[in-house]
Each structure stands twice: as C-alpha cells, then as structure tokens.
Amino acid sequence: FYGRIHMVRIITDSASDLLPAAAEAMGISVVPLAVQFGDTAYLDGQTIDSATFYDLLKTSSENPTTSQPTPNAFLHHFQQAKEAGDQVVAIVLSSALSGTYQSATIAKDLCDYDSIYIVDSLSATSGIQLLLHHACAHHFHPAEKAPAGMDAAAGQRKKTERRYAV
C-alpha cells in the first residue's frame, strides 16, 4: 500500500473549554466563539485567555456577551480537510444554547464535501470534552472511519446526564 493515509480530523468550538495543550495533544482543532466586553471584541482562546476573561469580568462595568463562530470560521477547517481528502467529525456546542451548530452546518453546505459529520453535543464544556474523548478513542483506530467516531460521540451523548444550577 502506497500513498497518503487519509485522516479523521476532529473539530470543536471554544465552548468545550478544552485547554490548548489538551487540544494539541489530542489533535483537535478549536474554532473560537467571539467574546465582547463593551466595545472590545475577542476570540475565545486566541485573543483572550481564561485568566484575562475572569479579570475583565471582575473589573469591567459591563457584562460580556458571546456570539457563535461564523460559518467561515468552520469553512476554513473544512476546506483544509477536503483538500487533503480527510474526513471531519465536528462536535459543537448544544444547538439549544447557541447557533454554533447552525454555523457548522452552513459551512458544511458551502464546502460541498460529504465527509464532514457534525455532532450536536446537546451540552457544553465538560460534556463536549467527554464526547471529544470518545471520538478520539475511535478515530485513532486504523480500521475506523469518521462515522465511527461520530457514532461513538452520539452514543455517549445519549448516556450523558446534564444538570445545571444557576
């Protein structure tokens, strides 16, 4: 067998709160959500880190707002995978909490590539991380394809109980 072995790329958004070192170690690309304090806009995990966010939260007179990544933010990653012939599993913030799933779906349609699988995590932060770990466990097995990683994540999503307190 000669030639390039095609990969499965795993992509998530910054609502996963996946630390940069963990994302790099697991080979996961993270698409940032936008965070805004007053008139200043940041990209979560790129132009603002957690420590700065919490410092601003304490000192700012305005509460922050967030917005979903644009379809173009996902499209960049999807096009790279398409050009390489790689498959994609994107595990994103719950569609009940954000339009991130919709942005990823729009980007998939714009990319016009059948090997992109988008999973609505139905969760946030650690719930997304759990699904990412399951997807990674399946996608590194040489006999597995992206749908196996997606199925693993979706199967775990059904087993995950979410409780929230305000």
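Keep in mind the model is a prediction, meaning the values are calculated, not measured.
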Item to complete: Test Tyr101 against Ile118 for side-chain contact (heavy atoms from CB on, under 4.5 Å), laying out the working first.
Response: CA-CA 8 Å; Tyr101 178 82; Ile118 302 171; 3.5 Å; yes
Item to complete: Would you sort out whether Cys136 and Ile10 count as a side-chain contact (heavy atoms from CB on, under 4.5 Å), showing the intermediate values?
Response: CA-CA 8 Å; Cys136 283; Ile10 298 180; 3.7 Å; yes
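- The shortest non-hydrogen separation linking Pro69 to Ser103 is O-OG, 2.7 Å.
- Between the side chain of Gln129 and the main chain of Ser16, a donor-acceptor pair closer than 3.5 Å is present.
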Anything under 3.5 Å between a donor and an acceptor, one on a side chain of residues 18-27, the other on a protein residue two or more places apart or in another chain? List them.
none

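- When atom types are taken as modelled, the side chain of Asp44 and the backbone of Ala34 share no donor-acceptor pair closer than 3.5 angstrom.
- Counted by atom type alone, Asp17 and Thr125 present zero donor-acceptor pairs between their side chains at under 3.5 Å.
- In this structure, the separation between CG on Asn63 and CG on Leu56 is 12.0 Å, given to the nearest 0.5 Å.
- For Lys82 (side chain) and Cys111 (main-chain N/O), a donor-acceptor pair under 3.5 Å exists by modelled atom type.
- Arg9 CZ to Ile116 CD1: the interatomic distance, rounded to the nearest 0.5 Å, is 10.5 Å.
- Cluster annotation: Tyr42 is connected to Leu57 through the hydrophobic network of ILVMFWY side chains, with a link wherever side-chain heavy atoms come within less than 4.5 Å.
- Using a 4.5 Å cut-off on side-chain heavy atoms (C-beta onward), Pro32 and Asp13 make no contact.
- At distances below 3.5 Å, not a single donor-acceptor pair connects side-chain atoms of Gln68 with backbone N or O atoms of Leu33.
- Exactly one of Thr12, Val119, Val89, Ile11 qualifies for a side-chain contact (heavy atoms from CB on, under 4.5 Å) with Leu132. That residue is Thr12.
- Using a 4.5 Å cut-off on side-chain heavy atoms (C-beta onward), Ile48 and Leu43 make no contact.
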Quiz: residues 73-80 side-chain donor-acceptor pairs under 3.5 angstrom, not counting sequence neighbours:
residue	atom	partner	partner atom	Å
His76	NE2	Gln80	NE2	3.4

Worksheet entry | Step-by-step side chain to side chain donor-acceptor pair (under 3.5 Å) determination, Ser123 to Ser121 | CA-CA 5 Å; Ser123 192; Ser121 70; 5.2 Å; no
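- The distance from atom CD of Gln87 to atom OH of Tyr117, rounded to the nearest 0.5 Å, is 5.0 Å.
- In this structure, CG on Asp120 lies 8.5 Å from CG on Leu93, to the nearest 0.5 angstrom.
- At distances below 3.5 Å, not a single donor-acceptor pair connects side-chain atoms of Asp86 with backbone N or O atoms of Val8.
- For the ring-ring contact (aromatic ring centres under 6.0 Å, His included) test, residues two or more places apart in sequence or in another chain that qualify with Phe37 are Phe53.
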Discussion item. Between Asp55 and Thr52, is the side chain to side chain donor-acceptor pair (under 3.5 Å) condition met? List the steps.
Written reply: CA-CA 5 Å; Asp55 286 344; Thr52 305; 5.5 Å; no
